[in-house]
Amino acid sequence: MFIEVVNKIVDLGSSLNGSVFAPLKDIETFKNFSIKFNTIEWENGADFAPDYLYEIGTAA
């Protein structure tokens, strides 16, 4: 199996809508994430689908 690694830069500024994402507008809260199931997740349960991150990302 061959897996291609792609590095992208993702700007989530316009994606932090709704009550679950509101706390992430605080930079210290935003920086406190973990990687789970191939995506980023925050302590409050907020996350983004890997496909979404790939789609909105730009080449690094």
Candidate pair I56 and S15, rule side chain to side chain contact (heavy atoms under 4.5 Å, CB included), full reasoning
CA-CA 10 Å; I56 68 170; S15 299; 4.2 Å; yes
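Among residues two or more places apart in sequence or in another chain, the side chain to side chain contact (heavy atoms under 4.5 Å, CB included) test is passed with A59 by none. The side chain to side chain contact (heavy atoms under 4.5 Å, CB included) check on K8 picks up V6, Y54, with sequence neighbours excluded.
Taking CG of N44 as the start and CG of N32 as the end, the distance is 10.0 Å to the nearest 0.5 Å. Once rounded to the nearest 0.5 Å, the distance linking NZ of K31 with CG of L24 reads 13.5 Å. A distance of 5.5 Å separates CD1 of I40 from CZ of F30, quoted to the nearest 0.5 Å. Summarising the geometry, atom CG belonging to D51 is positioned 10.5 Å from atom CG belonging to N38; distances are rounded to the nearest 0.5 Å.
Residue L12 is not grouped with residue F37 when hydrophobic side chains (ILVMFWY) are merged at heavy-atom distances under 4.5 angstrom, including chains of intermediate members. Tracing side-chain contacts under 4.5 Å through hydrophobic residues (I, L, V, M, F, W, Y), one never reaches L53 starting from I9; they form parts of separate clusters.
Between V10 and G57 the shortest heavy-atom distance is CG2-CA, 3.8 Å.
Aromatic ring orientation, F48 versus W42: perpendicular (interplanar angle above 60°, classes split at 30° and 60°).
D47 places none of its side-chain heavy atoms less than 4.5 Å from the side chain of K36.
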